[in-house]
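As structure tokens, the structure follows; a few thoughts come after it.
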2 protein chains.
Amino acid sequence: MSNIPKIVILGAGYGGILTALRLQKELNYNEADVTLVNKHDYHYITTHLHMPAAGTDKAENARVSISKLIDEFKIDFVKSTVVQIRTQDKKVILEDGTLSYDYLVIGVGGEPETFGIPGMNEYAMNIRSINSVRLIREHIEYQFARYKREPHRTDYLTFVVGGAGFTGIEFVGELADRVPELCKQFDVDRQLVKIINVEAAPTALPGFDPELVEYAMQVLTKKGVTFRIGTAIKECTPDGVIVGDGEEIRSATVIWAAGVRGNRLVDEAGFETMRGRVKVDETLRAPGHDNIYVIGDNSLMFNPEGRPYPPTAQIAMQQGVTCAHNLVASIRNQPLRKFEFKNKGTVASLGKGEAIGLAFGKTYRGRTAAWLKKLIDLRYLFIIGGIPLVLRKGKFF
Amino acid sequence: MSNIPKIVILGAGYGGILTALRLQKELNYNEADVTLVNKHDYHYITTHLHMPAAGTDKAENARVSISKLIDEFKIDFVKSTVVQIRTQDKKVILEDGTLSYDYLVIGVGGEPETFGIPGMNEYAMNIRSINSVRLIREHIEYQFARYKREPHRTDYLTFVVGGAGFTGIEFVGELADRVPELCKQFDVDRQLVKIINVEAAPTALPGFDPELVEYAMQVLTKKGVTFRIGTAIKECTPDGVIVGDGEEIRSATVIWAAGVRGNRLVDEAGFETMRGRVKVDETLRAPGHDNIYVIGDNSLMFNPEGRPYPPTAQIAMQQGVTCAHNLVASIRNQPLRKFEFKNKGTVASLGKGEAIGLAFGKTYRGRTAAWLKKLIDLRYLFIIGGIPLVLRKGKFF
Ligand SMILES: Cc1cc2nc3c(=O)[nH]c(=O)nc-3n(C[C@H](O)[C@H](O)[C@H](O)COP(=O)(O)OP(=O)(O)OC[C@H]3O[C@@H](n4cnc5c(N)ncnc54)[C@H](O)[C@@H]3O)c2cc1C
Ligand SMILES: Cc1cc2nc3c(=O)[nH]c(=O)nc-3n(C[C@H](O)[C@H](O)[C@H](O)COP(=O)(O)OP(=O)(O)OC[C@H]3O[C@@H](n4cnc5c(N)ncnc54)[C@H](O)[C@@H]3O)c2cc1C
């Protein structure tokens with residue numbers, strides 16, 4: 001039909017949405033056809049998902065309709081699920097159609113990594129998406145209701161969280177805040193409820209300052225979280241988990257928050273990958289594919305010391321910006337830009353009014369850190385949706 | 001210790017609470033020791049339970065703390081579960097103690113009657129108590145969340161209600177109101193959700209005017225309820241129900257609202273019973289037991305035409321009043337009063353703003369009937385808790 005290049009963006013997560021927003025701004029009229037594909041008609045704010053998962057906020061507040069973010073006069077949005085990427089044909093197979101591209105951006109996000117632990121895929125839940133956190137929330141509330149009818153089943157009131165990394169810690173912080181409310185609602189004695197955070201590594205929150213980790217564990221322990229650090233989950237069963245030397249923790253609720261990998265879509269597309277991540281070049285392109293950009297949790301990059309950057313929303317967003325720039329440059333035959341990660345810091349929430357953080361070369365804790373977390377979230381809303389979105393959703397963060 | 005007679009009331013339901021309130025008013029100082037025993041420290045308003053079961057109101061609004069209703073200077077309240085009634089020893093065995101009595105009032109309410117349908121006890125839920133309706137509500141919400149993760153499981157979105165009597169009808173009315181909300185909350189297409197009301201009898205709402213029944217079914221059908229009248233449930237399984245000639249309705253949620261019986265406690269106490277109900281004399285006493293009153297769902301009485309009165313809150317309340325009167329009369333050696341049921345009418349809710357009713361010899365439907373239902377509920381709140389209770393709970397009804 002037309003001769004103008006076709007850009008297809010897979011995934012409207014942090015990386016994909018930033019790419020789309022930037023292209024929308026930088027491309028001239030009729031310079032390219034841009035299509036954004038996403039499984040849902042909304043974008044979800046992953047960094048907020050620990051709250052609806054625990055039920056301390058509505059899932060509604062952790063998502064934004066994509067049509068509210070992009071300008072559909074400039075970008076076509078297709079709500080569909082990508083089932084295959086065919087690089088040799090320059091085609092993407094959707095569950096209900098096909099798209100051809102000249103340039104492709106892959107940003108479909110990560111998947112849980114269970115490290116082959118038996119039963120984990122079958123019996124544990126993950127904090128990944130709006131649907132998955134709604135399931136967790138309803139599942140938890142359901143256990144309280146079930147317990148009241150079968151009071152010998154204390155395993156209904158035991159909540160096991162695998163992993164004391166970022167996600168695991170933020171989730172137990174919220175859950176510990178929610179439990180007293182649930183106890184009140186269902187007339188359950190708080191003493192009967194157990195939140196057990198199991199972590200195989202020798203410390204919680206690896207990467208954080210040991211002093212901050214100490215602080216975080218104190219705050220959470222006081223809220224009623226039990227830590228089992230240096231304890232590996234060996235198996236997940238319908239009745240709970242087996243840890244360490246075969247000890248069983250009986251629990252009707254296991255949340256697995258201990259690992260993410262890339263995506264089987266990039267494995268299956270024939271790229272060279274490490275745990276589902278494509279080791280991209282400095283301009284964010286897949287090796288050997290001048291027209292394919294891979295960003296966010298689907299990509300793998302190394303810091304100057306040669307260590308892989310952990311997959312975060314922060315790096316995904318920055319990659320989105322560079323990716324859009326390089327797409328425009330390619331089309332205009334201009335030189336591409338190298339991606340450079342600027343670490344703005346990290347803040348982990350510990351529930352209401354409590355957090356720990358590392359930013360601007362300083363450490364933060366308590367109310368100040370919680371406030372910093374809020375600012376980061378508001379800033380993100382501002383970046384993707386401007387003041388209107390901040391006004392609409394910001395008050396919940 | 002003392003010589004004053006001991007009255008023990010088992011159950012603080014409609015019958016028991018009315019007995020207690022009346023005794024509190026009519027007895028003189030030190031004329032009797034009154035003890036009220038109830039499984040929970042609250043009284044629940046059964047006629048409101050269809051709403052929290054469907055999730056159109058909070059369970060909190062269907063219960064009142066017993067300490068707010070009775071005067072604990074005049075009546076002792078014991079929160080415990082009765083496990084056995086020993087008439088020969090004049091003792092009641094509680095799960096955690098024993099009580100002796102001179103006069104006993106039995107009002108522990110009914111239990112679901114499953115008519116021996118296989119699997120019904122194991123796999124179906126009942127609308128009976130605060131705990132049971134919280135379970136139903138959470139169970140339903142959980143199914144929506146589960147469906148989003150397993151979209152082939154449309155049985156998660158099929159809700160089977162056994163019984164189109166009073167309870168079944170009121171519940172499907174509320175559920176039909178709630179479903180659009182749940183669909184919105186979980187992004188589920190309303191067309192996929194099925195509410196199926198299965199009734200073995202040849203008509204819904206037996207005892208109501210056929211014209212009103214017609215009206216009720218029209219209202220509910222328009223709201224999306226499917227009726228299977230004249231269809232018996234043969235079996236309940238983990239996968240749904242088997243009806244009629246072996247047809248399977250796959251459903252993850254079966255609510256059994258088709259039958260109540262008396263209580264196994266009165267069967268086990270050695271009274272002569274019919275389906276767990278004691279055929280009491282005209283003064284409400286158990287045959288052969290001058291000191292034992294049986295009221296509400298535990299008792300069986302016949303109307304002047306010789307047909308048994310259906311168990312209702314209305315008759316239980318009126319019995320409570322007569323029972324209290326007769327207890328006081330016995331203590332004072334005065335003649336006992338015969339119980340006479342005054343039918344004030346019946347209203348069945350069909351969800352928000354819709355109902356059908358029969359009162360003062362007239363039939364009502366639509367908004368007027370819904371308003372009548374509300375008035376009956378408010379009147380009850382007034383009887384048990386006065387204006388303060390009407391103010392506190394009444395707005396939710
Ligand atoms: C609970 C939690 C808390 C976190 N907190 C933080 C934090 O505080 N700070 C931080 O920096 N990072 C945080 N992260 C990490 C961060 O969320 C991810 O690194 C980031 O989301 C990656 O962005 P992305 O664009 O690669 O993918 P995502 O944001 O995961 O987006 C992927 C998108 O692709 C869509 N999609 C997936 N598969 C398909 C398909 N087959 N077809 C079509 N569409 C598809 C999805 O619906 C989604 O919209 C957190 C992660 C979790 C799980
Ligand atoms: C959903 C639903 C809707 C209804 N709607 C209406 C209506 O609109 N109008 C109407 O007239 N009737 C209605 N009914 C019927 C009405 O609720 C009953 O007939 C009425 O509650 C009977 O009163 P009761 O005092 O016998 O027992 P209940 O009100 O059932 O009270 C029994 C009490 O005993 C306690 N108890 C039970 N077992 C034990 C034990 N072992 N030890 C200690 N305590 C125990 C319970 O906790 C409860 O407090 C409805 C019933 C249901 C289920």
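Reminder, nothing fancy here: chain letters follow the sequence lines and each chain counts from 1.
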Quiz item: What are the residues of residues 140-152 of chain A, in order of number, with any heavy atom under 4.5 angstrom from a heavy atom of chain B?
Solution: A:E141, A:Y142, A:A145, A:R146, A:K148, A:R149
Exercise. Kindly compute the distance separating CG (A:D41) from CG (B:D187), expressed to the nearest 0.5 Å.
Key: 7.0 Å
Self-check item: Heavy-atom pair count under 4.5 Å with chain A, highest-scoring of B:V133, B:I136, B:N131
Solution: B:N131
Quiz prompt | A:Q185 to B:E138 - nearest heavy-atom pair and separation | solution = NE2-OE2, 4.2 Å
Quiz item: Using non-hydrogen atoms only, which part of A:S132 is less than 4.5 Å away from chain B: side chain, backbone, both, or neither?
Solution: both
